[in-house]
Amino acid sequence: MLDLKSINDLGRHVHPIQEQLSMAIQRVLSSGWFVLGPEVGAFEREFADYCGVPHCVSVANGTDALELALRALDIGPGKTVLTVANAGMYSTIAILAVGATPLYAEVRPDTLLIDAAEVERILASRRVDALIVTHLYGLMADTQRLVEVARKYAVPVIEDCAQAHGAAQDGRRAGSWGDIACFSFYPTKNLGALGDGGAVVTAQSPLADKVRQFRQYGWSGKYHAELPGGRNSRLDEMQAAVLRVMLPQLDQWNSRRREIAARYSNGIAHPKIIVPSIHDASNVAHLYVIRTSERDRLKQHLAEVGIPSDVHYPIPDFAQVACRHVSADVELPVTARACGEVLTLPCFPELTDAEVDLIIGRINAW
Ligand SMILES: *Cc1c(COP(=O)(O)O)cnc(C)c1O
């Protein structure tokens with residue numbers, strides 16, 4: 001039997017660094033400074049360096065990061081944003097929050113990531129005001145090609161890196177390719193705080209400046225509200241201090257995730273199951289997602305022996321109840337089919353080889 005309550009075990013994840021975390025939290029407590037202070041400033045510099053981008057502006061969560069990035073690009077009512085519909089609604093929520101309209105591109109049948117050929121076809125045929133590239137499950141999209149296509153049509157690119165902290169293509173990290181990029185530090189992400197958190201990174205200082213204003217009421221200076229659309233969306237000192245303890249561990253955690261994903265893919269051999277096949281630096285294995293047309297039956301087969309699994313994500317954005325008014329007759333067969341077939345297996349750095357092998361064994365016996 002496996003002693004796992006869900007596909008993540010955050011207790012096991014933070015246990016080895018508990019002492020360091022306590023010290024970081026203690027440091028904030030004694031400082032008496034809790035919002036937008038020295039820890040936030042230091043984390044922003046460290047995370048920008050890590051991503052290989054000049055500017056990082058931390059915010060309250062990943063969805064806010066997307067929303068404020070859109071606002072910084074002047075995306076609002078009357079504007080259209082191209083994205084995918086199989087990535088859990090986050091980008092759609094941000095697009096709707098700024099009053100713009102989502103438009104959905106089909107995903108590739110092999111990786112379930114945005115299809116660059118589809119993007120090119122859409123950009124050639126109609127006006128689009130921004131493109132959100134989601135690096136789903138920890139795997140980077142065809143970023144270079146997508147950025148080139150978008151540039152050709154003068155469409156700004158937002159990378160959604162909430163599942164891809166540290167992933168790299170051609171030695172360049174996720175978040176350093178587009179005009180602006182968004183991260184979430186939700187506890188289960190590859191770099192996760194002990195609560196909510198998020199960040200925007202960019203090489204363009206005017207965009208960074210705007211996000212910095214938006215996150216604090218649109219202020220140009222204290223109590224001077226300059227930018228309409230301002231919000232309160234800040235990372236607090238406690239979470240920044242915690243993230244500073246975790247960031248130096250990220251590469252190590254990512255390589256262990258990658259190792260687990262490769263072990264699953266090498267071990268799982270079943271005629272009804274498709275496994276992920278990319279296990280290089282471009283994949284930080286945020287989620288290990290397999291596919292089968294009998295997903296619910298496999299989920300049940302695993303649950304019978306206490307193996308947790310999950311579905312990322314069961315409903316395409318355009319079919320969500322909250323979207324009926326904006327995307328009534330979208331037809332994306334690859335996306336729709338994937339939502340019925342995907343199944344996420346446990347994958348976090350502290351999962352042992354023995355546990356992975358036990359899960360593989362149960363799957364192969366299905
Ligand atoms: C988690 C996630 C977000 C949203 O982050 P929150 O911090 O939960 O708001 C956005 N995009 C993707 C792809 C995510 O996985």
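Heads up: numbering here begins at 1 and tracks the sequence. Whatever order the structure lists them in is the order used to number ligands and atoms, beginning at 1.
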Mind checking whether V201 and C56 have side chains closer than 4.5 Å, heavy atoms only?
->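 With C-beta onward as the side chain, the pair touches.
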Are any of the side-chain heavy atoms of V57 and F214 separated by less than 4.5 Å?
->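 Side chain of V57 against side chain of F214, heavy atoms only: no contact under 4.5 Å found.
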Atom pairs and distances, ligand 1 N/O vs protein N/O under 3.5 Å:
from	atom 1	to	atom 2	distance (Å)
ligand 1	5 (O)	S184	OG	3.2
ligand 1	7 (O)	G62	N	2.8
ligand 1	7 (O)	S184	OG	2.7
ligand 1	9 (O)	G62	N	3.3
ligand 1	9 (O)	T63	N	2.9
ligand 1	9 (O)	T63	OG1	2.6
ligand 1	11 (N)	D160	OD1	3.3
ligand 1	11 (N)	D160	OD2	2.7
ligand 1	15 (O)	Q163	NE2	2.8
ligand 1	15 (O)	K189	NZ	2.7

With a cutoff of under 4.5 Å between side-chain heavy atoms, which Ile, Leu, Val, Met, Phe, Trp and Tyr residues group with Y217?
->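 Hydrophobic cluster check, Y217: joined to W219, Y223.
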ring-ring contact (aromatic ring centres under 6.0 Å, His included) against W33, all qualifying residues, sequence neighbours excluded =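 Applying ring-ring contact (aromatic ring centres under 6.0 Å, His included) to W33 gives none.
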Applying side chain to side chain donor-acceptor pair (under 3.5 Å), name anything that partners D357, two or more places apart in sequence or on another chain.
->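 Listed in chain order: R263.
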Go through the steps for E226 and Q213 under the test side chain to side chain donor-acceptor pair (under 3.5 Å), then give the verdict.
-> CA-CA 8 Å; E226 181 185 61; Q213 279 188 264; 2.8 Å; yes
